[in-house]
Participant: 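Here it is, the structure, as structure tokens.
Letters A, B, ... are given to chains in the order of the sequence lines, protein chains preceding strands, and every chain is numbered from 1.
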Amino acid sequence: MAFIGLDAEKYDRKYNDIDLFKRIYKYFRIYKRKIMIVVLLLTIASLIESFLPILITLALNSLQTGLNTQYLVTIIIISLFFNASSFIINYFQQINISKAIGNVILDIRKEANDSILEHDLSFFDKNPSGKIVSRINTDSQEFGRALELFMEVLSSVFIVIFYTFIMFFLNLFLSLIFMIMIPAFFIVAILFMKAARRRTLLGQRATASVNAFVKETYSGIQIAKTFSQEKKLFNRFDQVNQQSYKVNLKRAFLLNTIFPSLGFIQAFVLTLIIYFGGISFFEGSIPIGSLNLFIQGSWLLTFPIFSIASFWPQLQAGLASAERIFSLIDTNPKVIQIDNIKPKNFKGKIEFKDLTFEYEDNKKVFENFSLSIEPGESIAIVGHTGAGKSSLANLITRFYEFQSGDILVDGLSIRKYDLSEYRKKIGIISQTPFLWGDTIENNIRYCCKNASETDILDSLEKTGGSEWIDDLPNGLETNIRERGTLLSMGQRQLIVLARVLLENPSILILDEATASIDPFTETKIQEALEKVIKNRTSIIIAHRLSTIRHVDRIVVLKKGKIVEEGNHQFLMSKGGLYAKLYNTYFRHQSYEYLEKIKELK
Amino acid sequence: MSNLKRSNNNTKVEFSIENDPFINFRDKSPSRWILAHILNGSNKTNICIVLITTIIAAMLSSTLMIIVGETINDLLLGKESALLINILLILIIGIGAPLMRIGNFMLREVIAQRIERDTRKEFYLNLLGKSQSFHDQQKIGDLMARTTNDVRMLNYLISPALSLIIESFTSLIIPLGYIVIFYPPELVIIPLIFIFTFIVALRDYIKKIGPITEKLRGDFGEMNIVLNESISGITLIKSTVQEAREKHKYLMTIKGYRDAFVEQGKVQAKYVPILLLALMNTVSLAHAIILFLNNSMTIGQIIGYLGLLSEFRFPTFISFFVFAIIKLAGAGAKRLLELMNKKTEIDENLEGESRKIIGNIEFENVSFYYPGFKNRVLQNISFKIKQGQTLAIVGTTGSGKTTLTKLITRLYDVSEGRILIDNIDIRKYILKSLRSQVSYIEQDVFLFSNSIIDNISFGKKASFEEVRNAAILAQAHDFISSLPKSYDSEIGERGIQLSGGERQRIALARAFLVNPRILILDDSTSAIDSKTEDEIQKAINKIEENRTTIIITHRLSQIRWADLIIVLKSGKVVAQGTHEYLIENSPEYRKIFIKKFDLEEDKLITRSGRK
Ligand SMILES: Nc1ncnc2c1ncn2[C@@H]1O[C@H](COP(=O)(O)OP(=O)(O)OP(=O)(O)O)[C@@H](O)[C@H]1O
Ligand SMILES: Nc1ncnc2c1ncn2[C@@H]1O[C@H](COP(=O)(O)OP(=O)(O)OP(=O)(O)O)[C@@H](O)[C@H]1O
Ligand SMILES: [Mg+2]
Ligand SMILES: [Mg+2]
């Protein structure tokens with residue numbers, strides 16, 4: 001089942017850890033200063049932290065040997081000072097850390113979003129948006145953890161080095177015993193490492209699956225209702241949710257056994273220290289205070305040593321996330337421009353030369369397709385569903401890459417244009433109109449920020465009047481909800497049409513732009529449309545043959561091949577496929593036909 | 001069926017399952033609701049075990065401190081023989097504590113992950129039961145954020161947050177107890193003062209962090225909304241070259257989130273308890289030393305005492321992020337409840353009629369406005385069709401055709417008047433029974449990103465044969481067979497990998513498969529060429545003569561077969577009758593059809609004349 005995807009996505013790739021680090025480092029480098037400050041603070045904090053037990057040791061030693069009140073008071077005052085400084089350090093540390101992390105997450109999110117907006121449509125065909133959203137918004141959070149870990153480990157290193165130094169200074173033998181802890185911790189950490197990364201990755205995928213599932217089913221809730229299949233969705237949801245539960249539970253189990261397992265080692269070391277320390281004490285080779293330092297050390301150093309040892313496995317979660325985000329960023333676009341010529345204005349000649357195109361392997365939509373459209377010509381493309389009409393539009397707008405042959409606009413391969421400039425000259429209404437969850441005004445204005453209100457009203461007027469908009473609660477200011485679901489289908493198409501008219505492109509492509517608009521309203525638009533089409537290359541795709549009779553040339557497409565072309569009269573007189581279609585399905589709708597019926601009666 | 005459990009008196013739902021243990025907690029406070037989840041079912045035993053193991057683990061840790069202190073005393077007193085016994089104790093206790101923790105961690109994870117699973121399930125189920133008018137108002141990105149991320153916060157609430165609190169609590173209390181028992185009782189004074197001031201400071205901190213966490217959760221939802229919407233609109237963005245604007249839009253929302261995050265950091269920076277801890281540490285050291293000087297304490301005891309106090313570090317330092325998590329979870333829970341508690345209008349009506357529908361439909365003075373809107377989309381609609389007849393609805397864009405058909409499946413309820421099917425008000429039917437006998441093919445086709453076969457069989461479990469037959473009826477079989485993976489082809493989100501007409505045919509097949517008593521086609525062939533359309537039409541007519549059909553279309557080729565045509569204009573029926581009748585008698589009808597061709601034919605003539 002499609003929903004239960006724990007596999008890698010197609011675009012996922014493996015990075016080696018060094019590359020991953022280098023790359024992560026790049027994000028952190030920008031905040032070097034903040035990070036340095038934090039590391040410095042942490043170091044000071046660690047020094048103080050290691051120093052406190054020493055103070056106590058001194059105090060105890062002094063209590064044991066004899067009294068010096070002034071000495072004790074000094075120690076207590078120093079201890080107060082040290083203790084209190086941890087507050088100040090925490091202050092600056094928190095402020096800087098949160099800025100650094102907040103910004104790193106911001107940067108990675110921004111970069112990921114920037115990059116997916118540049119991906120071509122084949123990417124979005126294959127990847128559920130819910131999973132993409134999950135990667136960008138959720139995984140990035142994990143990424144910030146890496147920074148925290150990094151700082152933690154740095155300060156830990158300082159503590160451990162400092163403390164070890166003192167311990168060696170105090171007693172070599174006990175120090176050596178103490179050092180057993182370090183390799184033991186590392187062994188445990190490494191044992192967990194691999195599994196940790198794998199399980200984390202699975203956990204994130206499971207979460208992404210949940211996200212994708214709920215996104216899709218919320219979008220399609222109306223279908224579930226009309227078919228009364230809530231139960232089905234619920235059961236599937238249950239599976240996906242249960243899967244996420246299982247996978248994440250396993251992950252949590254694993255990560256949670258690491259800490260306690262270290263506790264065992266700690267207990268063992270403590271026992272050894274006290275035993276051998278006790279014996280040394282009896283031998284008189286160590287004062288009680290120093291022994292206490294070792295005992296304290298077994299608690300104090302557990303966490304730092306652990307965080308050093310577990311740095312790597314813990315980082316795996318961050319690395320897994322980084323890997324997921326980088327894969328997203330690094331996906332190679334299939335649409336590649338080979339030059340960046342900026343067109344001024346198109347005259348509008350379009351040529352398809354020996355074009356071959358397929359969305360997927362082995363399912364050719366076009367093979368050696370050729371067609372030439374003159375500047376200013378209006379051309380209609382008709383044909384049965386799936387013939388490749390929309391695909392043609394998709395290719396001109398450069399949403400997909402074709403495999404061989406070429407498409408020339410004004411004599412130049414469209415691969416050679418600067419993509420943004422090129423697309424700005426082309427206006428397209430896609431077969432499925434899309435509207436933003438925003439006001440009507442902003443939707444129409446979408447392409448052209450600076451359009452005035454009169455421009456907007458003008459273009460609306462061209463779509464057959466804007467009276468209907470006045471019936472909406474807030475007129476032009478009405479928020480029409482995501483995808484424009486507040487409006488009827490026809491109304492949505494009108495808005496989309498108004499948007500394109502405002503754009504005023506050199507080349508116009510209308511893919512079933514009026515399919516959901518009733519004939520009466522359509523006639524009202526028709527006039528405006530004809531004006532727009534005049535003197536500009538336009539490609540009109542429509543099933544309703546009545547809508548396209550006024551174009552200069554009609555191209556009949558069948559399974560990616562042109563079977564007929566010419567204007568309405570020509571094709572009618574030719575008596576081919578078009579004529580047959582028209583006669584069987586449209587003639588009887590015409591006025592003449594109705595008149596005839598009347599006469600017959 | 002235990003209806004009592006399914007819904008309580010004041011909530012309506014369109015869908016529910018039998019057992020909803022949380023029904024009575026959703027209108028309570030978020031914390032009460034979360035508590036209900038925590039105490040749910042087998043969790044109770046787990047919680048008991050977690051509590052007990054936490055306490056034991058804390059006791060073991062504290063005991064360890066005492067024993068270490070005693071050991072040192074013994075050393076100082078020169079009791080060599082005691083050493084072995086002591087270290088044996090230390091080893092056993094030292095191993096016992098982590099052992100407890102392993103069990104403890106495992107169980108608390110189980111509880112935490114379960115809560116995530118169960119609340120998500122509850123939330124999802126609840127949203128499935130909400131009416132269409134509720135869903136109309138939601139933003140998908142926000143729903144995603146709530147279902148996935150806000151729910152996850154509840155997981156973090158249990159583990160680590162609440163478990164750490166329990167641990168902290170025990171590691172505050174138990175050392176205190178030990179101090180009282182084993183050491184001079186006055187030693188307890190300073191720690192007590194600390195705990196008291198700690199709690200006061202913590203409350204202040206929680207108050208400050210609260211609003212920020214709510215902003216964080218809200219901003220996260222906003223991020224999801226923007227990102228999700230811009231991915232949905234990617235074609236438009238590309239064709240209008242507005243990538244820069246979308247990038248900017250997203251950047252603004254993530255900046256909002258970042259600012260809240262930094263704000264949170266600032267509050268955490270001023271976390272006073274750290275200072276209090278520092279004071280306590282110093283003062284208690286001094287206190288202990290004074291007692292030592294008064295001979296009421298030994299060095300071993302000082303070491304033990306300081307060891308016990310070091311247990312306070314843990315609660316102090318973890319509280320500042322633990323309470324941030326708790327607040328975040330609270331904000332998340334609020335967001336979940338906010339939606340779940342929204343009332344919706346339509347109920348599944350489990351006690352209603354479930355009889356087989358014959359197919360007579362009658363509208364009696366139906367008026368309708370969308371909930372929350374003032375203007376009437378439909379006004380005083382009345383008409384009647386009999387079983388097996390075909391009704392065609394025509395009218396200009398926005399005249400209310402789609403709305404009218406949505407009322408029949410009760411996606412929305414009429415505002416006035418009533419709709420009768422077989423002389424029974426449709427509100428009297430069991431919702432599921434009604435909807436499963438009426439098939440509505442929406443104008444705005446929605447397909448799931450599953451395989452074709454999954455999509456076609458969405459409405460009903462079906463054998464491959466049935467699926468194939470439905471596809472053949474919808475003229476979809478041929479193109480499906482030509483796909484590399486045939487019926488198993490995945491078609492992408494919303495069927496993006498299919499052409500417009502192919503999508504519509506899948507939707508048709510999906511509706512045909514359930515073999516409904518009433519079939520509603522809302523402009524369902526707008527993207528299908530006339531030839532294919534005609535074949536579909538023939539197929540429909542052939543199989544089920546007795547089915548009532550409602551079609552909305554602008555194609556005369558389909559309308560002319562209809563037994564009754566109603567002409568809608570701005571939500572009113574301006575004419576009804578057969579095609580022949582309307583052509584003769586209704587200017588409105590003629591306007592819709594004849595005028596157009598009239599106009600066109602004229603133009604064609606003038607044009608060709610000029611040429
Ligand atoms: N994104 C895609 N990925 C894979 N295959 C696709 C994709 N889009 C379209 N196809 C396939 O390519 C063929 C041509 O589709 P296209 O959308 O161009 O048809 P069309 O002529 O516009 O049809 P319609 O009139 O139904 O809109 C169809 O067989 C379709 O299944
Ligand atoms: N969910 C909704 N909430 C509020 N208003 C809505 C909603 N859906 C539609 N409307 C409004 O109700 C009116 C009728 O819409 P409806 O979709 O029924 O028109 P229609 O006759 O089907 O038009 P079309 O031929 O364009 O599909 C329109 O003005 C529309 O803006
Ligand atoms: Mg198409
Ligand atoms: Mg409609």
Side-chain angles (χ1 to χ4, degrees), chain A residues 2 76 79-80 83-84 87 91 94-95 98 102 106 109 113 117 125 129 133 211 214-215 218 220-221 223 226-228 230 237 245 249 252 256 260 263 267 271 274-275 278 281 384-386 420 423-424 428 430-431 434 447 468 488-491 515 518-521 523 543 585 589-591, chain B residues 15 75 83 87 90-91 94-95 98 101-102 105 109 113 117 124 128 135 143-144 147-148 227 231 233 235-236 239-241 243 250 254 258 261-262 265 268-269 274-275 278 281-282 286 396-398 409 432 435-436 440 443 446 450 459 492 499-501 526 529-530 554 556 592 596-598:
Chain A
I76 288 172
S79 142
L80 175 65
N83 267 310
F87 175 74
Y91 179 83
Q94 284 303 326
I95 287 204
S98 63
L106 177 89
R109 280 180 179 155
N113 180 58
L117 284 175
D125 283 355
S129 49
V133 170
N211 218 32
V214 298
K215 150 153 195 172
Y218 288 144
I221 190 82
I223 294 300
T226 53
F227 283 94
S228 207
E230 290 97 337
F237 165 80
Y245 164 74
L249 187 62
N256 274 314
T271 314
I274 293 184
Y275 180 68
F281 178 78
H384 65 87
T385 77
S420 309
R423 283 190 181 142
K424 272 185 198 158
I428 179 172
S430 307
Q431 196 165 4
F434 179 85
C447 58
W468 64 269
S488 84
M489 276 297 276
Q491 289 168 339
D518 65 285
F520 178 65
T521 313
T523 46
H543 284 300
Y585 303 105
Q589 295 191 66
S590 70
Y591 184 64
Chain B
F15 171 69
L75 288 180
L83 183 60
I87 61 160
I90 289 174
L91 186 64
I95 286 178
R101 293 221 162 87
I102 288 190
F105 283 2
E109 275 309 326
Q113 301 285 350
R117 181 190 65 186
Y124 186 77
L128 278 182
H135 282 282
L143 289 187
M144 281 160 78
T147 322
T148 311
L227 186 54
I231 295 176
T235 318
L236 176 63
S239 63
T240 48
V241 199
E243 285 95 339
Y250 182 67
I254 53 178
R258 193 258 331 254
F261 186 81
V262 172
Q268 294 185 332
I274 297 182
L275 198 58
N281 276 339
T282 324
T396 50
T397 279
T409 50
K432 190 173 165 58
R435 284 184 180 164
S436 58
Y440 166 63
Q443 198 169 11
F446 183 91
N450 291 343
S499 87
S526 63
D529 59 288
S530 314
H554 301 124
L556 209 48
I592 288 179
K596 173 190 161 66
F597 293 96
D598 193 0

Participant: Is Q491(A) in contact with chain B via its backbone, its side chain, both, or neither, using a 4.5 Å heavy-atom distance?
Facilitator: both
Participant: Any idea which heavy atoms bring N256(A) and P260(A) closest together, and the distance?
Facilitator: O-CD, 3.0 Å
Participant: Counting only non-hydrogen atoms closer than 4.5 Å, does F281(A) touch chain B with its backbone (N, CA, C, O), its side chain (CB onward), both, or neither?
Facilitator: side chain
Participant: I'd like to know which of T396(B), V262(B), I102(B), T409(B) tops the heavy-atom pair count under 4.5 Å against chain A.
Facilitator: T396(B)
Participant: Among R117(B), Q443(B), R258(B), who wins on heavy-atom pairs under 4.5 Å with chain A?
Facilitator: R117(B)
Participant: S430(A) versus chain B, heavy atoms under 4.5 Å apart: side chain, backbone, both or neither?
Facilitator: side chain
Participant: For K215(A) and V133(A), what are the C-alpha separation, side-chain angles and deciding distance, and is it a side chain to side chain contact (heavy atoms under 4.5 Å, CB included)?
Facilitator: CA-CA 10 Å; K215(A) 150 153 195 172; V133(A) 170; over 6 Å; no
Participant: Counting heavy-atom pairs closer than 4.5 Å to chain A, which one of Y124(B), F15(B), Y440(B) comes out on top?
Facilitator: Y124(B)
Participant: Would you mind telling me which of S239(B), G94(B), S499(B) has the largest number of heavy-atom pairs within less than 4.5 Å of chain A?
Facilitator: S239(B)
Participant: So which heavy atom on S228(A) is nearest to which on R435(B), and how close?
Facilitator: CB-CB, 4.0 Å
Participant: Any chance you could lay out the side chain to side chain contact (heavy atoms under 4.5 Å, CB included) test for L117(A) and Y250(B), step after step, and finish with the verdict?
Facilitator: CA-CA 11 Å; L117(A) 284 175; Y250(B) 182 67; over 6 Å; no
Participant: Is it the case that over 12 heavy atoms from other parts of the model lie below 6.0 angstrom from the OH atom of Y245(A)?
Facilitator: yes
Participant: Quick check on the interface: out of S79(A), G386(A), S129(A), who has the most heavy-atom pairs with chain B under 4.5 Å?
Facilitator: S129(A)
Participant: Report the C-alpha separation of V214(A) and T148(B) in whole Å, then their side-chain angles, then the decisive distance to 0.1 Å, and conclude whether the side chain to side chain contact (heavy atoms under 4.5 Å, CB included) test is met.
Facilitator: CA-CA 8 Å; V214(A) 298; T148(B) 311; 4.2 Å; yes
Participant: Out of I274(B), V241(B), I90(B), return the one with the most heavy atom pairs under 4.5 angstrom to chain A.
Facilitator: V241(B)
Participant: Locate the shortest heavy-atom distance separating A269(B) from I95(A); write the atom from each residue and the value.
Facilitator: CB-CG1, 3.7 Å
Participant: In terms of heavy-atom pairs under 4.5 Å with chain A, which of G500(B), G459(B), G265(B) leads?
Facilitator: G459(B)
Participant: To check you understand the geometry: which heavy-atom pair defines the closest contact between I274(A) and L83(B), and what is its length?
Facilitator: O-CD1, 4.0 Å
Participant: Does any heavy atom of chain B fall under 4.5 Å from the side chain of S488(A), the backbone, both, or neither of them?
Facilitator: side chain
